[in-house]
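A short worksheet on the structure shown next.
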Amino acid sequence: MISDTAFWALTVALGIGTFLIRFSFLGLLGRKTLPDWALLHLKYVGVAVFPALITPLAVWPAATGGTIDPLRIVAALVALAAGLRFGVIWAIIAGMGSLYLLQFLNHQI
Amino acid sequence: MGGVSRATQGRPDITQWQAFWRGYLDAAPFILIIIPYSMLFGVVARDAGLDILQTISMTVIVIAGASQFTALALLQDNAPVLIALLVSLAVNLRMALYSAALVPYLGHARLGVRVLMAYLMVDQAFAVAVRTYEDNPEMSKSARVAYYFGCMMLVCPLWYASTIAGAVLGKAVPASWSFDFAVPVAFIAMLAPLLRSGPHIAAAFVSAVASLAFAWVPWSLGLIIAAICGILAGAQAELYLRRRAERGLA
């Protein structure tokens, strides 16, 4: 259960912070550019944050009480393959679809 | 989109309304991504225990899907608010680069207009707008501003509306649908298009391994450690490739 205080504190702070990031150069800094080392590392922020979020969720899902569920790991890999090959929406369709299919087959056996 | 942009080429006299509608149409293909993606956020948020007002408030206040999913996942995991905030903001740091990229084209606008532009700055519409500005250097300043709002004016109302639709429908989704899995799947969908080069793949791989290795660290700090490991790995891999390329030339 998510507490109301935590939710509103996070939402308001995230809203303000995100706005300031968007406003930064366009609003305040103008043509000033970031140093090379900052640009170099900024490029990899997104690609490094997502796997750190995904991997524990896929390997130790809360829905199974944190025990490894091979079906979810396979479905996650299918989603990744579909995302690499076909794009965003296909990753979601393939990920959820393959989990349902695997769960269905698992019940049949 | 290239075809549509070309239609404006050599016509610096394009009116603001024409530019607005051109932007609106150029951003239209993204409807196919925006609707299911924001509906998914609505469903997942209700599934996590948020009420409809909270779900909609988050979408309107933050208006950045990836960080909304991130914040939600970490709140559900009982991570401290400060950690959840840092990680969610890290997801949005890419927008500082968008902001910088728009300065040469839109930096002339009044402060109030720039505030509104900053609020509406979303990935897909940004990508369309910058490509059009690059392809059409003769576009007037006012046409560029109108075009920008045209792009955003399609994406943003849809983003709100589909979140509401998802939030209303979300209550009807039973636990047997394993909708908890939609969260990692949504992140995977966001990650895949970022894996463009060797260094990007290295960053992702190192971060994934480190997130498991540091999962024991309290207050969800393992997540931050893993992300930093990934960022350093990506940057070092790029530097290594650059050095190797230079040696190859020498």
Side-chain angles (χ1 to χ4, degrees), chain A residues 1-2 6-15 17-19 21-27 29-31 33-34 39-63 72 75-76 79-80 82-84 87-89 91-92 95-96 99-100 103, chain B residues 33 36 48-49 54 57-58 61-62 64 67 70-71 73 75-76 81 84-85 88-97 99-100 102-103 107 114 117-119 121 178 180-192 194-195 200 203-204 207-208 211-212 215 223 226-227 230-231 234-235:
Chain A
M1 196 55 213
I2 296 170
F7 171 81
W8 288 109
L10 179 56
T11 299
V12 171
L14 180 58
T18 302
F19 175 79
I21 291 172
R22 286 168 160 151
F23 193 61
S24 59
F25 288 93
L26 192 56
L29 303 172
R31 282 174 184 278
T33 50
L34 290 168
L39 286 173
L40 174 69
H41 289 85
L42 261 178
K43 225 172 20 175
Y44 297 100
V45 171
V47 83
V49 168
F50 289 128
L53 287 163
I54 295 162
T55 318
L57 285 172
V59 175
W60 300 308
R72 281 167 201 259
L80 182 63
L84 286 171
V88 177
I89 289 306
I92 295 172
M96 294 310 288
L99 181 67
Y100 292 152
Q103 284 177 341
Chain B
I33 295 173
Q54 287 177 320
S57 302
M58 196 182 217
I61 294 173
V62 181
S67 68
T70 307
L75 279 177
Q76 237 183 330
V81 171
L85 179 65
S88 309
L89 284 176
V91 168
N92 287 340
L93 269 183
R94 67 184 186 287
M95 293 176 183
L97 300 178
S99 189
L102 287 171
V103 170
R114 278 180 290 148
M117 283 174 173
Y119 171 74
M121 198 182 291
S178 302
D180 61 289
F181 193 64
V183 177
V185 166
F187 288 135
I188 291 170
M190 292 176 250
L191 169 68
L194 300 177
L195 297 170
H200 285 93
S207 160
S211 73
L212 296 179
L223 184 54
I231 292 166

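Sequence lines set the chain letters: A, B, ... in the order given, protein chains first and strands last, and positions in each chain run from 1. A quick note: this is a predicted structure, and the numbers were derived from the prediction, not measured.
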What are the two closest heavy atoms between A90(B) and V45(A), and how far apart are they?
O-CG1, 3.2 Å
Sequence neighbours excluded, which residues qualify as ring-ring contact (aromatic ring centres under 6.0 Å, His included) partners of H200(B)?
Y44(A)
Side chain, backbone, both or neither of A82(A) within contact of chain B (heavy atoms, under 4.5 Å)
neither
How close do S211(B) and T55(A) get, heavy atom to heavy atom, and via which atoms?
OG-CB, 3.4 Å
Pick from G230(B), A204(B), G49(B) with the largest number of heavy-atom pairs that fall under 4.5 Å of chain A:
A204(B)
Counting only heavy atoms closer than 4.5 Å, note whether V59(A) contacts chain B via side chain, backbone, both or neither.
side chain
Given side chains that start at C-beta, do those of F7(A) and M58(B) come closer than 4.5 Å, heavy atoms only?
yes
Are the side chain of S99(B) and the backbone of L26(A) linked by a donor-acceptor contact shorter than 3.5 Å?
yes
Using a 3.5 Å distance criterion without hydrogens, assess whether the side chain of S207(B) forms a donor-acceptor pair with backbone atoms of A52(A).
yes
Count the heavy-atom pairs under 4.5 Å between each of P51(A), P56(A), A58(A) and chain B, then report the option with the highest count.
P51(A)
Does V91(B) form a side chain to side chain contact (heavy atoms under 4.5 Å, CB included) with F50(A)? I'd like the steps, not just the answer.
CA-CA 8 Å; V91(B) 168; F50(A) 289 128; 3.9 Å; yes
Point-to-point distance, once rounded to the nearest 0.5 Å, from CZ of R94(B) to CD1 of I21(A):
9.5 Å
Atom CG of L42(A) and atom CG of L93(B): how far apart are they, to the nearest 0.5 Å?
6.0 Å
Greatest number of non-hydrogen atom pairs under 4.5 angstrom with chain A, of A226(B), A182(B), A186(B), falls to A182(B)
Does any backbone or side-chain atom of I89(A) lie under 4.5 Å from a heavy atom of chain B? Answer side chain, backbone, both or neither.
side chain
For A91(A), the side-chain contact (heavy atoms from CB on, under 4.5 Å) test, sequence neighbours excluded, returns A189(B)
Enter the distance from F23(A):CZ to M117(B):CE here, rounded to the nearest 0.5 Å.
11.0 Å
Smallest heavy-atom separation, A6(A) atom then L75(B) atom, equals CB-CD2, 4.0 Å
Y100(A) versus chain B, heavy atoms under 4.5 Å apart: side chain, backbone, both or neither?
side chain
Greatest number of non-hydrogen atom pairs under 4.5 angstrom with chain B, of A76(A), A75(A), P61(A), falls to A76(A)
Part of I92(A) lying under 4.5 Å from any heavy atom of chain B
both
What option among I231(B), L194(B), V183(B), L102(B) has the most heavy-atom pairs under 4.5 Å with chain A?
I231(B)
Let me confirm one number: the CG-CG distance from L85(B) to L14(A), rounded to the nearest 0.5 Å.
6.5 Å
Considering all heavy atoms, the nearest R114(B)-G27(A) contact:
NH1-O, 3.2 Å
Separation between CG (L191(B)) and CG (L80(A)), nearest 0.5 Å, reads 6.5 Å
Heavy-atom closest pair (R22(A) atom, Y119(B) atom, distance to 0.1 Å) is NH1-O, 3.5 Å
Spatial distance of atom CE (M95(B)) from atom CZ (F25(A)) [nearest 0.5 Å]
14.5 Å
For the residue pair A203(B) and V47(A), what are the closest heavy atoms and their distance?
CB-CG1, 3.6 Å
After noting the C-alpha distance and the side-chain angles of L57(A) and F187(B), does the key distance pass the side chain to side chain contact (heavy atoms under 4.5 Å, CB included) rule?
CA-CA 10 Å; L57(A) 285 172; F187(B) 288 135; 4.2 Å; yes
Residue among V49(A), L99(A), I2(A), L84(A) with most heavy-atom pairs under 4.5 Å to chain B:
I2(A)
Residue pair I61(B), T18(A): steps toward the side chain to side chain contact (heavy atoms under 4.5 Å, CB included) verdict:
CA-CA 9 Å; I61(B) 294 173; T18(A) 302; over 6 Å; no
